[in-house]
Each structure stands twice: as C-alpha cells, then as structure tokens.
Amino acid sequence: MLHCESSNQIKQELNIMSDHDIIDQVLARHGHDGSRLMQILRETQEQLSWLAPATLTHIADGIGWPRAQVSGTAAFYSFFHTRQRGKYCVLWSDNITDRMLGNAELMDAMCKKLWLEPGRVSEDGLVSVNTTSCTGMCDQGPALLVNYRAIPRMTQARLGEMVGLIREQKPVAEWPAEWFEVEDNIRRKDILLGHGLKKGQALKAALERGPQAMLEEIKAGKLRGRGGAGFGTGLKWEACRNASGHGPNPAHYVVCNADEGEPGTFKDRVLLTSYADLVFEGMSIAAYVVGARKGLLYLRGEYRYLLEPLESALAARRSAGLLGANILGQGFDFDIEIHLGAGAYVCGEESALIESLEGKPGRPRIRPPFPVTRGYLDQPTTVNNVETLAASCLIAAHGGAWYAGHGTEKSAGSKILSVSGDCERPGIYEYAYGTTVRQVLEDCGATDTQAVQISGPSGICVGADEFGRRIAFEDLPTAGAFMVFDETRDMFEVARNFAHFFAHESCGFCTPCRVGTTLVRNTMDKISRGHGSPYDINELFKLHRVMQGASHCGLGNSACNPVFDTLNKFRPAYERRLKSLDYEPAFDLDAELSQARQMTGRDDAAAHLQTKETT
Amino acid sequence: MNAPMNAAPVATKKLKVATTSLAGCFGCHMSFLDIDERILKLLELVEFDRSPITDIKHCGPCDLGLIEGGLCNAENVHVLREFRSHCKILVAVGACAINGGLPAQRNHLDLRDILEEVYQTEAGVSHGHIPNDPELPLPLNKVHPIHEVVKVDYFLPGCPPPADAIWKLLTDLLAGRTPTLGHGLMHYD
Amino acid sequence: MSATFQLDGEDIPFTPGQTIMQAAKAAGVYIPHLCWHPDFPAHGSCKLCTVKLIDAHGGRFGSSCTMEAQAGMSIENRTAELDDKRRTLLQMFFVEGNHFCPSCEKSGNCVLQATAYELKMMSPHFDMFYPDRPVDASHPDVLLDFNRCIMCSLCVTASRDVDRKNVFAMGGRGILGRKIHINSESGRLADTDFAVTDRAANICPVGVILTKRKGFAVPIGERRYDKAPISEQVKEPTA
C-alpha cells in the first residue's frame, strides 16, 4: 500500500517525496482552506492516483474539517476515487449520441482485448474500463476520458493502438497528441461568435458607462440566462448588487457556471476554447456591476484539459491590465480563479455548484434564500452561464437597444446550439432567437428526422409535426443541446439512456428523485428486457406525477421528461416491447433458479420455471 | 383495485376461499384461527377450498385466495400461480407475503455461498453434499414478496396480522366493501 | 389578532418568519413529515410534508417545512392527491432500505412506521431493492443499523449543533452512494468520541441509532404509536 508509513520511510530514505509531503504541498498551495477541498482532492489525486483512507485523514487534519465531511465530499463525485484505481482509468462517454456512434461495441472490444469486465480494475491493477455521463464531445464521438483526459473520435483502429499503449504502460502524456485534439466545429456564426470585438473593448465600454448604467443596458438588452431557465440577467445582477454582504468578510461574487453537464450540450466548451477572453470579460463586467472583486469559473471535470489554456488566458489578461488590481486604470479590482468539478451533473444547478465551490457535496440548497443574497460563502453571488456572460460583452460594446433588436420580443439576441446525432454536419450553430427547428435541421444536413431532443434529457422531445416550432424562451427554451434522431432510431432506447443518466446523477438528497429515478430506470429496463405490460406504462406515468413537483430541484422535477415525452409522442416504441396485458414480473423466473441449478447440478424439468405457466 | 366481489346472496351460494402458506411460518394461519368462535359464522358465509384447514391439495375456482409467506423456491411460485389463476381476489397476508419478511433476510447473501456454508462448510447431516433430489423444490436466487410475481389485489400487513384485522378484511370483502383497517388493526409487526 | 393562513380551510395563526410546518405544529395540526424536527432547521429531504399552495394557476407543490407562512395563503394538506403522493414516497423508503418491522427494536415508536400507518400504506408496492447495508456494532453502548436509514440527517445536525462533535456526515451520491459517513478513518463508530448520552444518540426517528441492552422494553400495545395515531400526537414532545 502506497500510503502506509513504511513506504513513506523508504521514500524518505530514497529522497523521494512521501505521500504526506505531496499532500502537504497541495494543502499549502491552497492555504489549508477547507472551502477549497474540491481542488485539494483533485490535485492530490492527480499525484497519488487515488484518495486512500489515510490521505483523506491527512487532508481533513490539514484543513481542520471533520474527516466524515471530507470523505462525504470525496464519495459524492464520480471522478474521485476512494478505492484504489487502475493505473489507466478509461471512461467511455455514454450519451445517446455516443451510443449511436457505436461506443458500446468499442467499449466491449476494449474490454475483450484487455480481458476485463466493465467497472472492475484488472487483476494486475493496470486498467479499468467503464462508462461515464456525456463528456460534451457529442459532435465528435464516440468519446472517452483516459485518466480524465478527453479523447474524441474513437475508432476500432485507434482502439487497438490504445490497448497496446496501455499494455506497454506508456504514460498518457506520451500518447499521440492528435488523439487529444478537440475540434470546435463552428458551423454557423451570428452576433456572438462573429462578435469582432477587440480584447478589452467591451470591458472598457462597461467601465466608461459606470456600473448602474451598465446594469440598465443589460436590462434594456433583455438578456436572459442561457442555461435554459431564462431568468433575466439584469434582474439577477441587480438583486445581487442591491444585496449587502454580511459577517466579518462581506463581499460579492461572480460565478461562471461552466459545468456544462446536460447531455448533448458542448457550446460552452467551444466558447471556453476559442472565446475565453469574451467569457472572462463578461465575468469582469458582471463583477463591475454587482461590485465583486472575485470571480470563480466552475469548470466541469470533463474539461480538465482546458485548465492550463484558461489559466494562460487569465495570465495574459492580467499582464494586459484587464484583470487584477486597478483594471484599465479605472480603480476596478477583480480577479478570476478556476475551480474544477469532478463528475457531477447536479452541480450545474447554481446552489449545488456553490456548495461544490465550498468543498461540499453538490447538493442543491433550500431556496429561498437565493444565491443573489446568500450564495458563495454566504455572500451575495451571481451565478451565470458561460454564454450569458459572453453575450453581456455585446451589450457593453453595442448597447442594450442594439442587442434587443436581435431575436424575438421575449428572447433577445442569439442562441448557440450544440447540434449532434443524425446529421451530416454536427457542431456549433448560432442563430438569432426565433429560428425554427426545421431551419436548424436543414442547415446541419439532417434527413428523415424522427425527433429532436431540445435542451438535453431534461428538456423537450419534439416530433416531426413540431419542427415548425421556434428556438425561443416563449416556445422551445433551451440550454443549447440539439440532438437529432432519424427514422432508424428507437425512441424508447433514447428515453432509456436518459433514464439511466438521471438515476446515475441524482444527488440522492430528496426521496422522490433518489428513489424515483432508480424506479424509472428499473421500469425502463424491465420493458427493455421484454417483461413489460401496460401496468408498467401506468407506473411510469405515476412516477412522473410524484417526482414532478415533489422533488427538491430541477433534476428530479425534470428527470421524467424524456420518458413522459416519448410515452406521449412515440408510444408504439414502448408498446411493441410489452409482453402481455397482464402483470409480469421484472425478472426471469427460470433464471432465478440458476444458482441452485449450478450448485445441485440439476437440470430436470422441475429444476426450471416456465416464464408463463398454463394452468 | 379489483371490482368488489359479487355480492351473491349468502343463502344461495357460499363464497369459495382458499388459503396457503408459501415461505412463511403459518403464523398468519394461526392468527386466522384466533378469530375463535367467529369461524363458525364465517363457515356460514364461505366454503374452504385448498387450505390447511381442508387439506385439499389443489385450488379450484375460488372467489378469494389468502396467501401467507413470500417466494423462496420454485414450488412457492407454482402455488402462487395456481392461486392467482383460480382466485378472483388475491390477498397478500402478513409481512413475508408483503415484503419477503424473515426469509428475505438472506437476500444480501449469494445463494451459492449460503448453500456452501450450510451443506458443505459447516458440519451436519448432509455429509458435504448439497441435496439434489428432484422431489425437492430448488430455492430462488433471491426471496421475493408475492406482488413482484403476480398482481395482488389487497394487502393485509402484520407479523402476523391480528385476528381482528383478518376478520375485518374478510367481513369487508364479504360485504362488498373495500377493506380498511383502522388504528390498532394496522401494524407491520 | 395575529395573521393567519388557511390550511385545509382552517385558519392557522402564525408569527412572521414561521414556516407552514411550524405554524401548523403550534396549532396542533398534523402535516406528515419524517426529516423535520422542531428543534432544528428544516432539512427538506423527505418531501413527506409536501403541501399545495393554491394560486391563480391552480396550485404548486412545496415543502411545508421550508415554505414561509404568508397571510392569506391557502394551503392544501391532507387531500387525497397529496396523501397519495406521500404514500408513494413512503413506499419508496420501504423499498430502498430494509425495513423489517417485526425484528426492529424501534417498532411501535418509529416515525416512519407510524407515518405509514397514518397514510394507510398497505404494501411497499414497488419491487424491493434489498440493499446490502452492514451494521456497525463496534461501539460499546450504541448500535448502528443502516438498513433502516431514511437519510433525514437529524443525527448529523444534532451531533454538529448540539453535541459539537460532528460524528456523522451525509456523503456520497444517489441511491447507491448516499449514506452516513462516520468521523473516523476506520469508519467505525467505536473510533469516534460518540457517547450514548449525546443528543445525536437519541434523535433518530427510525431504528438506526439504538442504545444497546435497552431494546423491546415496552410491551406491544403500550408503545407510543400503539396508543394513538401519530396525527393525534402533534402536541406531544418529539424525541
């Protein structure tokens, strides 16, 4: 065991850093600050491979937190390992779009080549292969993470090579660089992606206006949140600006929500890759308006590879006088820090994200109070989507009236869509609000389209008769996901994939979501295995009714949406799987005797149970 | 829920009732007998088909089936299916029928480990041999409550349900009322 | 005359800042709940206390333990619609854990069980999960049987806020992961400073935290909820 004292002693004698030394360095880097636990855990794990019990104890002692809280946080996030992991940890993105691109076959082949069962570390401790929730590479799947580094566009040929490198124990850093190249695939630009602003231009304009006037422009621009819910950005900033900080360290905070976890969404990845300055500038404008001196960008763990480029972008802004003390000589102090998530979709919910920023499990808070009055470290905090913040730059530069002149009456400006699935040109498409689904389908080269999942699993599934509907808050609000399914796809399997996603991502805090998402998943699996009856369809509707409304946050409230939508719009996809009109057990009764048959060696007629008995 | 049982005039036709214990301890049946002299009144209203009371081996068409115990082996499944296909109304009686009860305490263990432990590792009469006589019903991998395998119309909780609760259920059903249990009759232990 | 809101058509007085649950409790009106305790801030996880706030659009659901009372509110509580939802939530608890009442020392005094009686839960309805949740019997005076945990976090709060010990924390995620973490590297209660006299040792509404050598002390028929339904004990002190 790496973490035991004797191994530490040996290391000391060999003049190698002991585990404790490594942890102490990480702790020192973070000032032994418990609210930075997520970063402490991640950086520790990046060096020690996993978070052993003694590691967690040492960290708890180092930050002065109860150990149970440290282990509770570590256990919450999928990307933290509290059990020894393989030297190579391979995670296949398992969004429906990855499925459609054949990820299951590839993963199966990988397991066979490595003599592995999914989810289990190989006997020699070399490698484990498993699935993970959508990694945001839907336009270039099948995708995977190897030791939390993103690799898109997997093929059979590349798979063979990769298995070879794993067997040779070649460090991931030495793998072919082109494997890690992530493409932007920007297919259509509108006002945001074609902004033409110079670095600092928007921020300068904002500082010239003054905070109150800038806020008025945002309101005049009718900017609404791009995370899907569409709350007025001006209202949010105003509420935050008007709230006073409290306690010994009163402050205001700006948080950029880059926890782009909604399956099928990848536009924030592109913004952070090629428009990082615009995003940081938007954060600075927000900070200027609300009176914050510190901003935090919460980057999903799947985008770990963006950390270094983003840090360089921040450094460049600091040298250019666009970040730090006395920005642009206007006496405005503001800086930004990047925090990484660790594989938890629920952290996209703003109060869960704040919990995570504070080093806790990502559990949505009870609201009210809302983050604008009591957010990060209990201080007034505005949490905004990456795209919202970027869009605020356009308003700073061109004014609210100009911005409101784009899009529709209720949906000002433009929306970036992440298009994936059955189309010739998947990628990033920016449109003025009010564009029809049909237009997008035409532009991306989709034919024989059966359905489009708008805004991911928690959004809306629209069928062909609805393709005239418009991308806008008043019709089809969206966080950006636009997954296309052609006539060959099975909409039941689409919904089942989403049911698995929600069961995996439920934080487990409230009863309806914790148990309900599992019951929905189990029922979908039951129907999939050919054990379904109309009883199960009714059960799905019943679970939808209980979960929607009674759940603690949006995850539970919307977890049944894909099942509900497809049941209403594609019911034959369910019905043709049903086994009988009468109630059927969820399991195969004959298989229930398998262990006893194995142990007794019996195979006579009485050692079997017919699935359906005629009496 | 099922439509209430035909309220046939008592004088012309007695209701047929069958009872059985699957993976149970017959405690629910014992509690049933605790209705004491009310059983005489009951016999004016019902006729027993398959039941430990009659020793009839197979259930014919019945109005009401009472099942004690969960599903632990293949025979339990056969008997449950026989009851479901012959009884218009099926009632799960007692904790084991409803949630697996005591027998389900083995469910967090692997059946193979259990058989090995009981017949091979531990000293006993089996001389290291797991019984494999075709006469013996094979145990299921896991114990299941009966509603996981067939549709169940009513549930009567308790370990066992008190005699008064059983009486209340029967009289409600016989009168064509949806059975209800008030405070004191409803308990899970 | 203090301000009031309506709960199932009955006027309930409240003081500013009170939640629906607090005002109802003070008025002796029962709103089903599991994770709420009058001595502690609302946790809001069990969702049994979900009520319906009637508004112009029909109504919306919310947790009465976190919803602040406002004058003139009209709230539905014990309607068939809400009790149906609550029954389903109870069934969710009963299938996700291992709740075998006949062998539980808490039977008869258990809030989960009593609430299930109140809401006439006749069966678990769903397929049972039968999770494998090991028991911690390491502590000399206290047994932890996680099979019965409903994740109300009352022990976490009591240990943190009253005992100032932080013996427990809620950690992990989802149906498989979410559980009580014990404040020791071994994960054993014996390796913490937990004491049987702690408030946290006497707060569990179900049968997870049990004092050893004290079980089954009260005969059946005389236990708390044998005597009267939970809805009729609103004025009684909570453990």
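Throughout, protein chains are lettered first and strands after them, A, B, ... in sequence-line order, and every chain is numbered starting at 1. Scope of the values below: all heavy atoms of this structure, side chains included, with no hydrogens, waters or symmetry mates.
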Can you tell me if [X] uses its side chain to pair, donor with acceptor, with the backbone of [Y] under 3.5 Å?
{"X": "C:Arg178", "Y": "A:Gly508", "value": "yes"}
{"X": "C:Asn183", "Y": "A:Ala68", "value": "yes"}
{"X": "A:Thr511", "Y": "C:Leu89", "value": "no"}
{"X": "C:Lys85", "Y": "A:Arg545", "value": "yes"}

Residue pair A:Arg514 / C:Met151, side-chain heavy-atom distance below 4.5 Å: yes

Do the non-hydrogen side-chain atoms of A:Thr518 and C:Phe126 ever get within less than 4.5 Å of each other? no

How about [atom1] on [X], more than 12 heavy atoms from neighbouring residues, nucleotides or ligands closer than 6.0 Å, or not?
{"X": "A:Arg120", "atom1": "CZ", "value": "no"}
{"X": "C:Arg60", "atom1": "CZ", "value": "no"}
{"X": "A:Lys360", "atom1": "NZ", "value": "yes"}

Taking every non-hydrogen pair under 4.5 Å, which of [options] racks up the most with chain A?
{"options": "C:Glu68, C:Met67, C:Glu96", "answer": "C:Glu96"}
{"options": "C:Leu48, C:Thr50, C:Thr88", "answer": "C:Thr88"}
{"options": "C:Val95, C:Leu176, C:Ile175, C:Ile150", "answer": "C:Ile175"}
{"options": "C:Cys35, C:Gly62, C:Gly177, C:Ser45", "answer": "C:Ser45"}

Check whether C:Met170 gets within reach of chain A through its side chain, its backbone, both or neither, counting any heavy atom under 4.5 Å.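 Just its backbone gets close to chain A.
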
Which bit of C:Ser184 is near chain A, if near means a heavy-atom gap under 4.5 Å: side chain, backbone, both or neither? backbone

Less than 3.5 Å apart, any donor N or O on the side chain of A:Glu539 or C:His125 sitting next to an acceptor on the other?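 Yes - a donor-acceptor pair under 3.5 Å links their side chains.
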
For residues C:Lys47 and A:Cys510, report the shortest heavy-atom separation together with the two atoms involved.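 Residues C:Lys47 and A:Cys510, closest heavy atoms: CE-CB, 3.8 Å.
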
Over all atoms of both residues, closest heavy-atom pair of A:Gly72 and C:His181: N-ND1, 3.6 Å

Would A:Arg367 and C:Thr66 count as a side-chain hydrogen bond (donor to acceptor under 3.5 Å, both in side chains) if you check the C-alpha gap in whole Å, the side-chain angles of each, and the deciding distance to 0.1 Å? CA-CA 8 Å; A:Arg367 288 148 305 150; C:Thr66 58; over 6 Å; no

